[in-house]
Amino acid sequence: MACVYESLLHALNQEVAALEKIEEPADAAGVVEEVKAALTAQKELLAVDTKELWQYIDNTEGKKQPLIDVLERLALQFGRLVKTNYFDSADLRALLSAQIEENLEAARAKREKIHAVDHDED
């Protein structure tokens, strides 16, 4: 699991680094292949037993925080892509829209759950 974790972390960092390069619409086309490669690597890595991977992450000192950090950076990039309409890149939209929309829906559900818990105490 250590190798899977390190490869996953690397692939996530690769995706974030590629997205961080985009400053204007013309930059978007230049990162599509990098993002595609990172997503392919992530998909292949998550073919392992994810329960076992999460147990490794949860129970191995120093593994959870780097993953949290890269996921936070990725979330920032996703927000930036939504705000800029994917920098007018149909290719980026095709690659990432499902992943971004899924993350936005999960975040909305989490906020609703927290809000419901807060109101239960009233």
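Just the heavy atoms: all of them, side chains too, but no hydrogens, waters or symmetry mates, feed the values below.
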Original post:
From R93 CZ over to I100 CD1, what is the distance, rounded to the nearest 0.5 angstrom?
Top reply: 9.0 Å
Original post:
When rounded to the nearest 0.5 angstrom, what distance separates CG in L81 from CD in Q99?
Top reply: 10.0 Å
**OP:** Is it possible for you to say whether I68 and L76 belong to one hydrophobic cluster, with membership spreading through side-chain heavy-atom contacts below 4.5 Å?
**Re:** no
Subject >> Separation of E34 CD from Q14 CD (nearest 0.5 Å) >> reply: 7.0 Å
Original post:
Nearest 0.5 Å, what's the CG-CD distance between L96 and Q77?
Top reply: 10.5 Å
Original post:
Is the backbone N or O of E24 less than 3.5 Å from a side-chain atom of D27, with the two atoms forming a donor-acceptor pair by type?
Top reply: yes
Original post:
D91 and V32: which non-hydrogen atoms are nearest, and at how many Å?
Top reply: CB-CG2, 3.8 Å
**OP:** Starting at CD of E23, measure out to OG1 of T84 and round the result to the nearest 0.5 Å.
**Re:** 12.0 Å
**OP:** State whether the side chain of R80 and the backbone N or O of L19 hold a donor-acceptor pair below 3.5 Å, judged by distance alone.
**Re:** yes
**OP:** Would you name the heavy atoms of V35 and A18 that are closest together and state the gap between them?
**Re:** CG2-CB, 3.9 Å
Subject >> Heavy-atom pair of closest approach, residues A41 and A11 >> reply: CB-CB, 3.9 Å
**OP:** Would you name the heavy atoms of P25 and D88 that are closest together and state the gap between them?
**Re:** CG-OD2, 4.2 Å
Original post:
Please, which pairs that meet side chain to side chain donor-acceptor pair (under 3.5 Å) have at least one residue in residues 42-52, sequence neighbours excluded?
Top reply: E15-Q42
Original post:
How close do Y5 and P66 get, heavy atom to heavy atom, and via which atoms?
Top reply: OH-CB, 3.7 Å
Subject >> Which atom of L92 lies closest to which atom of A28, heavy atoms considered >> reply: CD1-CB, 3.7 Å
Original post:
Going by heavy atoms in the side chains, are Q55 and M1 under 4.5 Å from each other?
Top reply: no
Original post:
To the nearest 0.5 Å, what is the distance between CG (D69) and CG (L12)?
Top reply: 12.0 Å
